[in-house]
Visitor: 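My structure is below; once you've seen it, I'll send some questions.
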Amino acid sequence: MMISLIFILGMSKKTQIIKTNSELKGKAFIISIEEGKNWIHKMPIFPLITLHNRPQMAIWLEDMNGNFIQNIYITEKTAKQNWKIAPGDKIPNSLVQRPEALPIWLHKQDGFAKIQNQLKNAQLVTSSTPKKSLNIETKTNSQSGRYVVCAEINHSTDFNETYKKSLPKNSEYYNGEKYGNGQPSLLYKGIIDLNKSNQSIILNLAGSGSPNGQNGEIQAINDFITTAKTIVKRITVYY
């Protein structure tokens, strides 16, 4: 993988490196995620208290028919559904659910029970939320074939003039309560051909997730999605 070697040697020291699926015997590749100007999202909690959130994300492979193949990387809170209660909530942390965080990936897993079982038996594919641009060094189960690389990215409370706080539940833009989703998750996709070597592709914006997480459907990008488009600057796959 000459292209990968050149890429690694030229990486910025500011880039976080994460390795997943290292025990698999298939082809190795690198996914480079460059942070955009809205990578960090400011979330006011109380007067004079503001959290600085980084995005939740999931990256996985599908076959050319859209069937799930394997997980590549999932931020830990999403993978373990390890959410904290919002200010004012009176339920245990263990009962907090955030299906709106990454609904496309979540519904690809056929439910939370399957996620837990799969991650329990898989090589490391999770880590804490990345603080900056990152490179994911990973492997597939195969040395050949064409696959779709999917990356779903989202911020909570990423509100704007359309995806507002406290919308009525019958609104098509309803995204949870006042500490809910805001703008929906965004899905990026691209095709890799493992029969070739020394290649690179850019993942393109392919749609958005359900604002309230009620399903895993991929929705068309509308003109009301704003800052969510600049959470990431670019996602490149080197193989």
Side-chain angles (χ1 to χ4, degrees), residues 1-36 38-39 54-75 78-79 102 104-105 108-109 118-119 122-127 129-154 185-209 218 221 228-239:
M1 291 183 65
M2 184 178 298
I3 191 169
S4 298
L5 179 59
I6 295 172
F7 170 70
I8 291 170
L9 291 175
M11 285 191 306
S12 166
K13 292 182 179 180
K14 295 181 180 180
T15 301
Q16 183 176 349
I17 298 175
I18 294 173
K19 296 184 179 182
T20 73
N21 294 318
S22 58
E23 296 179 13
L24 298 184
K25 304 301 182 182
K27 192 166 184 176
F29 60 102
I30 295 171
I31 300 174
S32 171
I33 302 176
E34 299 175 57
E35 61 189 273
N38 285 297
W39 180 266
R54 273 79 176 177
Q56 292 297 309
M57 63 181 69
I59 303 173
W60 69 97
L61 288 185
E62 297 180 355
D63 65 20
M64 297 303 293
N65 295 316
N67 299 305
F68 175 83
I69 298 296
Q70 73 178 74
N71 283 313
I72 298 297
Y73 170 74
I74 311 106
T75 43
T78 295
L102 299 174
I104 300 171
W105 173 80
K108 283 283 181 180
Q109 311 304 305
Q118 185 181 68
L119 295 180
Q123 291 81 12
L124 177 66
V125 293
T126 68
S127 80
T129 305
K131 294 181 178 180
K132 53 192 176 183
S133 297
L134 69 153
N135 294 315
I136 302 164
E137 300 177 14
T138 190
K139 289 184 179 180
T140 67
N141 260 318
S142 174
Q143 290 281 356
S144 62
R146 299 176 77 225
Y147 298 92
V148 181
V149 182
C150 302
E152 189 176 11
I153 315 286
N154 199 10
S185 64
L186 296 184
L187 177 69
Y188 298 81
K189 298 174 73 172
I191 296 172
I192 58 173
D193 186 347
L194 299 186
N195 300 304
K196 300 178 180 180
S197 298
N198 300 330
Q199 306 289 313
S200 66
I201 63 165
I202 302 292
L203 301 193
N204 295 313
L205 185 58
S208 63
I218 301 173
I221 297 295
K229 293 178 181 177
T230 52
I231 295 173
V232 297
K233 179 180 180 181
R234 187 184 297 109
I235 305 175
T236 309
V237 183
Y238 299 85
Y239 64 99

Visitor: Does some side-chain heavy atom of Ile231 sit less than 4.5 Å from a side-chain heavy atom of Leu186?
Guide: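 In short, these two side chains do not touch, never coming nearer than 4.5 Å.
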
Visitor: Partners of Glu35 by side chain to side chain contact (heavy atoms under 4.5 Å, CB included), sequence neighbours excluded?
Guide: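 Scan of Glu35 (side chain to side chain contact (heavy atoms under 4.5 Å, CB included), adjacent residues dropped) gives Trp39, Lys132, Ser133.
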
Visitor: Is any side-chain heavy atom of Asn135 closer than 4.5 Å to one of Tyr238?
Guide: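 No, too far: nothing below the 4.5 Å cut-off.
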
Visitor: Within the 4.5 Å heavy-atom criterion, are Tyr147 and Thr140 side-chain neighbours or not?
Guide: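 Result no, sub-4.5 Å side-chain heavy-atom pair not found.
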
Visitor: Heavy atoms only: give me the nearest Ser142-Ser144 pair and the separation to one decimal.
Guide: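 Distance-wise, the nearest heavy atoms are OG-O, 2.7 Å.
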
Visitor: Under the rule for side chain to side chain contact (heavy atoms under 4.5 Å, CB included), what residues qualify as partners of Ile218, not counting sequence neighbours?
Guide: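 Only Ile104, Leu187 meet the side chain to side chain contact (heavy atoms under 4.5 Å, CB included) criterion with Ile218.
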
Visitor: Going by side-chain contact (heavy atoms from CB on, under 4.5 Å), Ile136 matches just one of Ile59, Ile17, Ile30. Which one?
Guide: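 Testing each of Ile59, Ile17, Ile30 against Ile136, the sole residue satisfying side-chain contact (heavy atoms from CB on, under 4.5 Å) is Ile59.
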
Visitor: Lys25: which residues meet the side chain to side chain contact (heavy atoms under 4.5 Å, CB included) condition with it, sequence neighbours left out?
Guide: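 Result, side chain to side chain contact (heavy atoms under 4.5 Å, CB included) vs Lys25: none returned.
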
Visitor: Between Thr236 and Ile201, is there a side-chain heavy-atom distance shorter than 4.5 Å?
Guide: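 No. Closest side-chain heavy atoms not under 4.5 Å.
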
Visitor: Could you work out, with side chain to side chain donor-acceptor pair (under 3.5 Å) as the rule, every residue matching Asn141, not counting sequence neighbours?
Guide: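 Asn141: no side chain to side chain donor-acceptor pair (under 3.5 Å) contacts found.
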
Visitor: Leu24 and Lys139: which non-hydrogen atoms are nearest, and at how many Å?
Guide: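 For Leu24 and Lys139, the tightest heavy-atom pair comes out as O-CD, 3.1 Å.
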
Visitor: Do Thr138 and Thr20 get their side chains close enough for a donor-acceptor pair, meaning under 3.5 Å?
Guide: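 Thr138 vs Thr20: donor-acceptor pair found between side chains.
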
Visitor: How close do Pro130 and Pro55 get, counting heavy atoms only, and between which atoms?
Guide: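 Scanning both residues, the minimum pair turns out to be CD-O, 4.5 Å.
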
Visitor: Can you give me the closest heavy-atom contact between Tyr239 and Lys27, atom names plus distance?
Guide: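 Answer, listing the atom of Tyr239 first, then Lys27: CD1-NZ, 4.3 Å.
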
Visitor: Mind checking what makes salt bridge (Lys or Arg N to Asp or Glu O under 4.0 Å) contact with Arg234, not counting sequence neighbours?
Guide: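 For Arg234 the salt bridge (Lys or Arg N to Asp or Glu O under 4.0 Å) partners, ignoring immediate neighbours, are Glu34.
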
Visitor: Mind listing the closest non-hydrogen atom pair of Phe68 and Gln109 along with its distance?
Guide: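 In terms of heavy atoms, the two residues are closest at CE1-NE2, 3.5 Å.
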
Visitor: My understanding is that only residues two or more places apart in sequence, or in another chain, count here; which of them pass side chain to side chain donor-acceptor pair (under 3.5 Å) with Asn65?
Guide: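 Side chain to side chain donor-acceptor pair (under 3.5 Å) list for Asn65, sorted by chain: empty.
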
Visitor: Enter the distance from Gln199:CD to Phe29:CZ here, rounded to the nearest 0.5 Å.
Guide: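 The CZ atom of Phe29 is 14.0 Å from CD of Gln199, to the nearest 0.5 Å.
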
